[in-house]
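These figures come from a predicted structure and were not determined experimentally.
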Amino acid sequence: MKIAVVGGGPAGLYLSILLKRQDPSHEIAVYERNAAGSTYGWGVTYWAGLLDKLRAGDPESAAAVTDASVTWTDGLAIVRDERTVHRGDAGFGIGRRRMLGLLADRAAALGVEVAYEHPIAGPDAPELADADLVVAADGVHSALREAHADHYGGTFATGRNPYIWLGTGKVFDSFSFAFKETEHGWIWCYAYGFSGERSTCVVECAPGTWTGLGLDTMAEGDCLALLEKLFHDLLDGHALIGRDRGDEPAQWLRFRTLTTRAWHRGRTVLLGDAAHTTHYSIGAGTTLALEDALALAEALRAHPADLDTALAAYGKRRRAELVSAQSAARLSAQWYENLPRYMDLEPDRMFALLGQRHSPLLPYVPPQLYYRLDRAAGRLEALRRLKRWLGPRVARAVHRV
């Protein structure tokens with residue numbers, strides 16, 4: 001087949017690797033609108049389960065990603081000024097630029113054409129004219145999806161809280177949180193290392209806190225100085241790194257969750273953020289995009305003579321597999337949007353419920369009671385089963401009311 005991949009993010013590059021390995025005779029080109037190495041986003045996170053899948057898909061790129069990643073096992077939280085630690089599963093961080101470079105090098109080595117500074121404006125672009133398969137991996141603002149918006153049925157839900165994506169020279173050896181109370185409300189940060197030199201810091205707060213502190217109009221330099229002061233104990237005196245916007249306001253965002261009804265139209269198929277997004281607080285965006293690539297490659301291998309069947313099977317499978325992640329992301333975002341509900345707890349209990357924020361039962365049970373129930377469920381299997389059974393049913397009952 002002749003395959004055109006629009007978008008040189010992790011999903012598009014990894015799919016090109018998988019398809020070229022499946023059939024070296026495929027003619028594959030990846031078109032990326034930005035220059036090589038110009039990505040923004042600091043680092044990405046993933047967990048061990050993804051590495052197992054990447055090794056099965058392409059051992060060489062999996063080994064390169066593993067070697068370039070940093071690892072942590074603990075979670076640290078600073079609540080007001082008190083530190084608490086939670087032992088957890090191993091997590092991994094890697095610089096987004098580094099990951100893209102590794103995947104691009106692997107794709108090129110296999111014979112994939114990777115074209116940078118090569119935007120594709122829409123489905124009528126001449127580069128796509130004779131392609132047997134067009135992969136729309138061009139992100140949440142996908143031009144290929146929007147050209148047929150009615151067919152794909154994409155809908156957006158915008159989160160309440162503003163957030164900003166920053167870097168720092170402080171290298172964190174655990175996934176770290178800090179929650180600070182100001183006269184205008186709570187503001188918090190999540191931080192994780194992605195190399196031996198840098199870490200990612202995501203700062204979030206309620207709208208009233210954002211405007212009350214003046215962050216909505218503050219120049220980026222002043223914004224970073226204020227955040228460094230608020231999170232001084234987390235940063236240990238290290239500076240925050242923004243986007244060098246000078247006197248312009250810092251680039252605060254509100255997360256937009258995308259869902260789509262259909263994932264393909266004719267020979268064109270959606271991949272990664274062009275099809276779906278999940279709130280950053282569960283750290284699953286890159287993982288889900290790479291899993292899309294694995295599923296699409298598998299569907300094409302299973303139905304080599306029937307493209308429509310392959311693309312339909314891929315979309316059906318991934319929509320079903322995403323249900324749990326989308327639920328977890330929605331509950332996680334809501335937990336942070338209702339943060340004051342949990343801040344009267346002792347720091348270790350509050351941190352424990354942070355780890356339980358994906359629970360559909362938690363929003364409907366007083367936090368202190370839920371904490372006791374969760375501790376008891378850890379010792380009693382019958383209570384653990386009751387907790388799993390009760391959560392979705394309570395949520396559905398409340399939503400019906």
Side-chain angles (χ1 to χ4, degrees), residues 1-32 34-39 41-72 89-116 118 133 135 137-138 192-198 269 271-273 283-302 304 310 314 317-318 321:
M1 284 199 300
K2 184 172 183 178
I3 302 167
V5 180
V6 182
L13 288 170
Y14 191 60
L15 177 68
S16 74
I17 292 168
L18 296 174
L19 295 182
K20 196 69 173 175
R21 290 188 77 236
Q22 285 179 196
D23 187 345
S25 70
H26 286 327
E27 183 181 340
I28 305 175
V30 178
Y31 300 103
E32 168 55 42
N34 295 318
S38 65
T39 185
W42 304 107
V44 299
T45 60
Y46 64 93
W47 277 261
L50 176 65
L51 274 182
D52 294 337
K53 296 174 182 178
L54 296 182
R55 291 188 189 103
D58 178 45
E60 288 81 358
S61 59
V65 168
T66 302
D67 290 345
S69 298
V70 298
T71 308
W72 65 85
D89 298 330
F92 302 86
I94 183 172
R96 180 175 171 83
R97 183 177 298 156
R98 179 69 169 139
M99 171 179 269
L100 291 176
L102 293 171
L103 294 178
D105 288 347
R106 174 61 174 156
L110 290 171
V112 174
E113 177 191 356
V114 183
Y116 292 101
H118 199 131
L133 173 65
V135 181
D138 49 344
Y192 56 88
F194 63 81
S195 73
E197 297 82 33
R198 294 283 174 87
V269 63
L271 189 76
D273 283 358
T286 299
T287 293
L288 295 175
L290 293 173
E291 288 175 346
D292 284 354
L294 287 160
L296 179 53
E298 184 176 325
L300 292 167
R301 183 172 61 247
Y314 154 72
R317 171 184 168 182
R318 288 303 289 153
E321 291 174 343

Colleague: Run the numbers on Val70 and Ile94 for side chain to side chain contact (heavy atoms under 4.5 Å, CB included), then give the verdict.
Modeller: CA-CA 6 Å; Val70 298; Ile94 183 172; over 6 Å; no
Colleague: For Trp42, does its backbone N or O pair with a side-chain atom of Arg96 as donor and acceptor, under 3.5 Å?
Modeller: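 Not confirmed, Arg96 side chain does not pair with Trp42 backbone.
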Colleague: Keeping Lys20 on the side-chain end and His26 on the backbone end, is there a donor-acceptor pair under 3.5 Å?
Modeller: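 Between the backbone of His26 and the side chain of Lys20 there is a qualifying donor-acceptor contact (under 3.5 Å).
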Colleague: Hey, does the side chain of Glu32 reach the backbone of Gly8 with a donor-acceptor pair shorter than 3.5 angstrom?
Modeller: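 Yes, Glu32 side chain to Gly8 backbone: donor-acceptor pair under 3.5 Å.
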Colleague: Can you find a pair of side-chain heavy atoms, one from Ser69 and one from Arg98, that are under 4.5 Å apart?
Modeller: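 Counting from C-beta outward, Ser69 and Arg98 never come under 4.5 Å.
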Colleague: Decide yes or no on side chain to side chain contact (heavy atoms under 4.5 Å, CB included) for Tyr14 and Leu54, but give the supporting numbers first.
Modeller: CA-CA 9 Å; Tyr14 191 60; Leu54 296 182; 3.5 Å; yes
Colleague: Before you tell me yes or no, could you show the steps for Leu18 and Glu298 under side chain to side chain contact (heavy atoms under 4.5 Å, CB included), namely the whole-Å CA-CA distance, both residues' side-chain angles and the distance that decides it to 0.1 Å?
Modeller: CA-CA 9 Å; Leu18 296 174; Glu298 184 176 325; over 6 Å; no
Colleague: I want to check something: taking the side chain as every heavy atom from C-beta on, are Leu51 and Thr66 in contact at a cut-off of under 4.5 Å?
Modeller: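 Yes, close enough: below the 4.5 Å cut-off.
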Colleague: Students often mix this up, so state it plainly: with edges at 30° and 60°, are the rings of Tyr46 and Phe92 parallel, tilted or perpendicular?
Modeller: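 Geometry flag for Phe92 against Tyr46: parallel rings.
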Colleague: In Å, rounded to the nearest 0.5 Å, how long is the span from CG of Leu300 to CD of Gln22?
Modeller: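 The CD atom of Gln22 is 7.0 Å from CG of Leu300, to the nearest 0.5 Å.
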Colleague: Ignoring hydrogens and angles, tell me if any N or O in the side chain of Ser61 forms a donor-acceptor pair with the backbone of Leu103 under 3.5 Å.
Modeller: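 Absent.
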Colleague: Might you work through the side chain to side chain contact (heavy atoms under 4.5 Å, CB included) test for Glu291 and Lys53, ending with a clear yes or no?
Modeller: CA-CA 8 Å; Glu291 288 175 346; Lys53 296 174 182 178; 2.7 Å; yes
Colleague: Are the side chain of Asp292 and the backbone of Gly272 linked by a donor-acceptor contact shorter than 3.5 Å?
Modeller: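 Confirmed, Asp292 side chain pairs with Gly272 backbone.
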Colleague: Tell me if a side-chain donor or acceptor on Tyr192 pairs with a main-chain N or O of Gly43 at a distance below 3.5 Å.
Modeller: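 Yes: the side chain of Tyr192 pairs with the backbone of Gly43.
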Colleague: For Arg318 and Leu288, indicate whether the former's side chain and the latter's backbone hold a donor-acceptor pair under 3.5 Å.
Modeller: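 Yes, Arg318 side chain to Leu288 backbone: donor-acceptor pair under 3.5 Å.
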